[in-house]
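Here is the structure we will look at.
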Amino acid sequence: MTSKLVSRRDLDFVLYELLDTAALCSRARFADHSRATFDAALDLSGRIAADFFAPHNRRSDEHEPMFEDGHVRLIAEIGSALKAFTDAGLMAAGHDYEYGGMQLPLSVAKACFAYFKAANVATAAYPFLTIGAANLLLAHGSKEQIDSYARPMLAGRFFGTMCLSEPQAGSSLADIRTRAEAQGDGSYRLFGNKMWISGGEHELSENIVHLVLAKIPGGPAGAKGISLFICPKLLLRADGSTGERNDIALAGLNHKMGYRGTTNTLLNFGEGAQKPGGAAGAVAYRVGEAHQGLAYMCHMMNEARIGVGLGATMLGYTGYLHALEYARGRPQGRPAANRNPADPQVAIIEHADVRRMLLAQKTYVEGALALNLVCARLVDEQDTAQDKTAREQAGLLLDLLTPVAKSWPSQWCLEANSLAIQVHGGYGYTRDYPVEQFYRDNRLNAIHEGTHGIQALDLLGRKAVAQRGMALTLLGREIEMACKEAGARRETVLFARQLGEAAARMALTTEKLHAAGDPERTLANASLYLEMFGHVVMAWIWLRQATVAARQLADNTQEPDFYRGKLQAAAYFFRWELPKTAQWCELLQSLDATTLEMQDAWF
Amino acid sequence: MKILVPVKRVVDYNVKVRVKADQTGVETANVKMSMNPFDEIAVEEAVRLKEAGIATEVIAVSCGLLSCQETLRTALAIGADRAILVETDVELQPLAVAKLLAAVFKKESPDLVILGKQAIDDDSNQTGQMLGALLGRPQATFASKVVIEGGAAQVTREVDGGLETIKITLPAIVTTDLRLNEPRYVTLPNIMKAKKKPLENVKPADLGVDVTPRLKTLKVTEPPKRSAGVKVPDVATLVAKLKNEAKVI
């Protein structure tokens, strides 16, 4: 039985052949590592994901969390899976030895996490939220906050959440109302309601550490007056053990289309359900400076958004592997050239249209996986590259690519899930096969951690013009280098030429959009710009993969099929997908105002 | 008490093995390899004995290519203290492995050798028994329970008729069956610790052992494809077929 979570061969290809991850071992932080330790971590992740996460993926969908007496009831398997995950030390896979971590490069840690996201995205959300929360404290918390909260999180004893949205303030964080009232002792009391809080209440861990955005009365209006607070479910005693219950009440659960095993809650802070220290109000501790909360939160967004992109990718990936197995085993019909009913039927993979759907899926999911790991590698470069310029440039390029790493997989790996259902035919639409769940689970990814529309505004309005377009210039240079290398090989020379043209069109389009002098009109085109930009980035990713594949084939590899598959997927992207950007660019350059000018009353 | 745990590197149990085109063996190029699952149970048992304070040192040993080091690192990550690789690129057969292990045994003088009852690649089920014979030491095969007490091992064996419990004097050889224990998952910190544990590399010649193959593989082929079934009209026909054609009742 080969794994239907992810192709290990492909992971190895991206990590070792495309990204030369082993080269990172020459850097001080990774000096204890070698490919053997990376492989051991990947093997371990694959086993725990298959043995503890995948088996309850369906059950957790069918038995969504229940609200009982102010508590959340979850199926027991979620707890056992998370225990296996934390016992193995995976929570701190990429963190310092000092925190009990393994100091894996982020690119390897993300490859390890890929298994869990493919096996059970909903159960995997608990540790990944916790890792994100711990990272935020490591970056901006005081030493005491790190010791009291981040360490137990990385040890898997406490879990974390991010409390940003409120019922009336989702994408518009400037409008949050939760208030933080300073107490005499340096602590605060929170009052307000928080919506869409994943992992907001459960009994999977000793404690839950909520990271809450709130406003200190008297501060600046809007987004500039937001501060960040630690608000634990159970208050800590002086020795660090958990004590009194804080004034945080579970007000309800959201009943979702997918991702059901991740309990999603509405929390009321400071409504007086509990009276810690004899008074109502949720006891909280400010992280960093007052009114800097949003900046701190955004700091961590890069990693969180790459995480969402990886989740979307892995749902697409596992769906593709399921569809592939189904297509190889399902006999149906006969080839066009032979309609003799006396002859046996062929497996549906023999039909060209089924292969088209499988190839499209392969192209989307393998491309998205490579993109996410390329971004994770940029984080490694940003953190550990030898010279300052290289670190800064990696950071800039990462900022630019982050909206794409989040949005492209959310859109196209969802499309892959749709095609996986299509390959299964009627069976794919039933609950007898898992592909319908993958689709439902994946539909979330274009919504959370900044919707598609928000990503588009971020890319066109901010990232593309940051530092006078410096990041775009860097991407242009990367594309140029990839084209130069690919241009020297017969198999990839045409792709290189095509990408060169597409990149030039993209640069011109960006310029024209920003020269319009009407920001509203420019930004009305943001979503299509994101789509076009995403496709050009993906062409760059596929060109790099194709170049490696062509080189291996020229070197008489023992696995010609694997590399021919890569070249064919690249060909699909260059022939069926990239040409769409020409039409998109034409529309974008015209600064079309059709959607902008549409009036409410005309609907 | 010192325990020696021989481990074999085999094609991973999840891989669907394919016969090489020239029928000389199975395809191992670019195939995922891992520790023989029965040997993993052996390492786990040895480590548990150490954790229980019964054993003082666990030594993992593997024979074969340099890449067997990875398998030894896994044993070290589970909890073995050090490892020995007997490196050779000669095709190793059970007798040669037993001879190599006997030589390592004489060098290390362990009180107990625990190894898998068989390896999932060749299913020979011979190495442990041959090792017992070469050393002239007692053996308890197919163990599902091992209790060490006063210089002896009380071993419950899984035999065709049920369970048999025997007592053997140490030093002895025990081979593991599936139900002996459930091996743990390694942890990331232990993977890093394993890197720093000693791993010694010796050659068969250093041990004075001739590993030349004694058996010749003539041909390796795929098992016959399962043919289509037939429907029988009634129970009587089924019984008749089982008796006369399949000859199973």
Side-chain angles (χ1 to χ4, degrees), chain A residues 1-5 7-9 11-13 25 30-52 83-95 97 99-104 108-109 112 154-156 344 552 557-563, chain B residues 7 9-18 20-22 26-35 37 40 43-44 60 62 65-80 83 85 120 182-197 199 225-228:
Chain A
M1 192 190 78
T2 46
S3 168
K4 277 187 282 177
L5 300 180
S7 152
R8 175 60 180 271
R9 183 65 190 87
L11 268 185
D12 287 347
F13 171 81
C25 301
F30 310 121
D32 293 338
H33 283 286
S34 61
R35 179 164 174 177
T37 55
F38 297 162
D39 284 346
L42 289 164
D43 287 347
L44 175 67
S45 302
R47 273 180 83 170
I48 293 180
D51 294 351
F52 290 94
K83 185 171 182 317
F85 185 92
T86 53
D87 283 353
L90 282 157
M91 202 70 101
H95 292 85
Y97 297 140
Y99 298 119
M102 194 187 183
Q103 281 189 205
L104 279 176
V108 180
C112 288
L154 292 176
Q552 297 283 16
T557 164
Q558 291 188 331
E559 304 166 279
D561 289 343
F562 176 81
Y563 295 107
Chain B
V7 297
R9 182 176 169 83
V10 298
V11 172
D12 187 83
Y13 68 98
N14 274 316
V15 171
K16 192 175 178 298
V17 292
R18 280 205 308 249
K20 280 187 193 164
D22 62 5
V26 298
E27 195 60 71
T28 53
N30 299 306
V31 168
K32 183 172 161 45
M33 307 292 280
S34 49
M35 190 190 298
E40 212 178 327
V43 179
E44 175 68 32
S62 190
L65 300 171
L66 187 63
S67 51
C68 293
Q69 280 188 350
E70 282 172 41
T71 313
L72 287 169
R73 290 284 174 209
T74 307
L76 294 170
I78 296 172
L85 170 64
I120 61 165
E182 205 173 311
R184 72 194 65 190
Y185 293 81
V186 298
T187 68
L188 297 184
N190 286 345
I191 290 171
M192 297 313 286
K193 281 182 201 144
K195 265 204 96 173
K196 301 206 161 95
K197 291 182 180 175
L199 197 162
K225 285 241 172 354
R226 189 174 174 275
S227 53

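Residue numbers begin at 1 in each chain, while the letters A, B, ... track the order of the sequences.
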Distance in Å, Gln103(A) CD paired with Met192(B) CE, rounded so as to fall on 0.5 Å steps: 8.0 Å

Contact leader toward chain B among Arg8(A), Glu559(A), Arg9(A), where contacts are heavy-atom pairs under 4.5 Å: Glu559(A)

Region of Tyr97(A) in contact with chain B, defined by heavy-atom distances below 4.5 Å: side chain

Between side-chain atoms of residues 28-35 of chain B and protein atoms elsewhere (two or more places apart, or another chain), which donor-acceptor pairs fall under 3.5 Å?
residue  : atom : partner  : partner atom : Å
Lys32(B) : NZ   : Asp43(A) : OD1          : 3.1
Ser34(B) : OG   : Asp12(B) : OD1          : 2.6

Shortest non-hydrogen contact from Ile191(B) toward Ala41(A): CD1-N, 4.0 Å

Audit row: Asp87(A), Thr187(B), side chain to side chain contact (heavy atoms under 4.5 Å, CB included) steps and yes/no: CA-CA 7 Å; Asp87(A) 283 353; Thr187(B) 68; 5.8 Å; no

Leading residue by heavy atom contact count with chain B [cutoff under 4.5 Å; candidates Ala88(A), Ala40(A), Gly89(A)]: Ala88(A)

Lys83(A) atom NZ: more than 12 heavy-atom contacts under 6.0 Å: no

Residues forming a side chain to side chain contact (heavy atoms under 4.5 Å, CB included) with Ser34(A), sequence neighbours excluded: Ala36(A), Thr37(A), Lys195(B)

For Gly100(A) against Pro189(B), the heavy-atom pair lying closest together: O-CG, 4.1 Å

Ring centres under 6.0 angstrom apart (Tyr185(B), Phe52(A)): yes

